[in-house]
Structures are given as C-alpha cells and as structure tokens.
Amino acid sequence: MNFGREILDEVMGFMKSRIVMTAAELDVFTLIENEPVSASTLSERIKTDRRATERILDCLVGFGLLEKNEKKYSLKTSNIISKKINLNQ
C-alpha cells in the first residue's frame, strides 16, 4: 500500500466518524426512531440548514445506518432488530 493511499484511508475514516458523531450530537437517530422524516422536517426540528441536513442523512444511508424511501429517512430495520436483540441479552 502506498503512503498516499494510507493517508486517504485515514481521512475517509475520520470523515465517516465525524458524520456519525454529528448526527448523534444533533439527536438525529432519536428524532427519526419512531417515524420516517424528511430532511426538511428534520432540519426544522433541529434548526439546521435543509441541504446540509440532507447531506448528512444521505451519508448515513450510504453507511447503512438509515434507509431512504420517498424522500423520508428512517432507521434501518436490521439495525433496530439487532439493537433490540443486544438489549435483551
């Protein structure tokens, strides 16, 4: 592996962590836990820019943490099921 690729991998890992941490700090996961929400609605609730909120949400979809259907975001069903299983152990 070359040095440039190693740096790029580190940066990408940090970016992914920062996006997930930002979503957690904004309480995104809790706010969409019970019902699918659009980026527009969520951005109004957390008082953020709609486009920036949509970018974060789309990244979370790409990471496999959320699902997007008809412009509404929700927790990925498989994540909810595994969370409940882990809590019951």
Side-chain angles (χ1 to χ4, degrees):
M1 183 181 275
N2 67 33
F3 185 68
R5 182 64 192 178
E6 290 176 20
I7 292 173
L8 183 59
D9 288 344
E10 290 294 324
V11 170
M12 295 302 288
F14 172 77
M15 289 171 58
K16 183 176 180 178
S17 301
R18 186 65 250 175
I19 291 166
V20 174
M21 286 173 40
T22 298
E25 289 168 356
L26 293 171
D27 214 19
V28 167
F29 301 106
T30 302
L31 292 169
I32 66 171
E33 185 174 25
N34 295 319
E35 66 178 327
V37 177
S38 69
S40 179
T41 300
L42 184 61
S43 68
E44 289 175 16
R45 289 182 187 168
I46 60 178
K47 298 178 178 36
T48 57
D49 179 75
R50 184 202 52 81
R51 288 182 64 202
T53 302
E54 188 170 25
R55 286 182 181 172
I56 290 172
L57 294 171
D58 285 339
C59 286
L60 296 171
V61 170
F63 300 158
L65 299 173
L66 300 182
E67 294 177 323
K68 183 178 181 181
N69 293 307
E70 297 181 19
K71 296 188 178 186
K72 290 193 176 187
Y73 299 85
S74 60
L75 293 178
K76 193 163 185 177
T77 307
S78 60
N79 290 337
I80 295 170
I81 293 168
S82 65
K83 179 180 171 185
K84 289 181 180 180
I85 291 170
N86 289 335
L87 291 175
N88 291 329
Q89 292 180 352

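This is a predicted model, so every value here is computed, not measured.
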S.K.: Would you say the side chain of S74 lies within less than 4.5 Å of the side chain of E67, judging by non-hydrogen atoms?
M.R.: yes
S.K.: Once side-chain hydrogen bond (donor to acceptor under 3.5 Å, both in side chains) is applied, do any residues pair with S40, and if so which ones, sequence neighbours excluded?
M.R.: none
S.K.: Of all residues at least two apart in sequence or in a different chain, which pass the side-chain hydrogen bond (donor to acceptor under 3.5 Å, both in side chains) check with T30?
M.R.: D27
S.K.: Does K72, at its NZ atom, have more than 12 non-hydrogen atoms belonging to other residues, nucleotides or ligands within less than 6.0 Å?
M.R.: no
S.K.: Got a sec, which residues hit side chain to side chain contact (heavy atoms under 4.5 Å, CB included) with N34, two or more places apart in sequence or on another chain?
M.R.: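 Per chain and number, N34 pairs via side chain to side chain contact (heavy atoms under 4.5 Å, CB included) with no residue.
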S.K.: In chain order, what residues pass the salt bridge (Lys or Arg N to Asp or Glu O under 4.0 Å) check against R55, with sequence neighbours excluded?
M.R.: none
S.K.: Roughly how far apart are Y73 OH and I32 CD1, rounded to 0.5 Å?
M.R.: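 Rounded to the nearest 0.5 Å, the OH-CD1 separation comes out at 10.0 Å.
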S.K.: Would you name the heavy atoms of A24 and F29 that are closest together and state the gap between them?
M.R.: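 In terms of heavy atoms, the two residues are closest at N-CE1, 3.9 Å.
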S.K.: Do I56 and V28 have side chains that approach each other closer than 4.5 Å (heavy atoms only, starting at C-beta)?
M.R.: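 Contact flag for I56/V28 side chains = no.
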S.K.: Does E10 have any salt bridge (Lys or Arg N to Asp or Glu O under 4.0 Å) partners at least two apart in sequence or in another chain, and if so, which?
M.R.: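 Partners of E10 under the salt bridge (Lys or Arg N to Asp or Glu O under 4.0 Å) test: none.
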S.K.: Working to the nearest 0.5 angstrom, can you tell me the gap between S38 OG and E54 CD?
M.R.: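 It comes to 9.0 Å.
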S.K.: Taking C-beta and beyond as the side chain, do K68 and D58 meet within less than 4.5 Å on heavy atoms?
M.R.: yes
S.K.: Could you tell me which residues satisfy side chain to side chain contact (heavy atoms under 4.5 Å, CB included) with R45, sequence neighbours excluded, listed by chain and number?
M.R.: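 Scan of R45 (side chain to side chain contact (heavy atoms under 4.5 Å, CB included), adjacent residues dropped) gives E35, V37, T41.
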S.K.: Could you go step by step and tell me if I19 and F63 meet the side-chain contact (heavy atoms from CB on, under 4.5 Å) rule?
M.R.: CA-CA 10 Å; I19 291 166; F63 300 158; 3.9 Å; yes
S.K.: Quick one: side chain to side chain contact (heavy atoms under 4.5 Å, CB included) partners of T48, sequence neighbours excluded?
M.R.: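 Side chain to side chain contact (heavy atoms under 4.5 Å, CB included) list for T48, sorted by chain: L26, S43, I46, T53.
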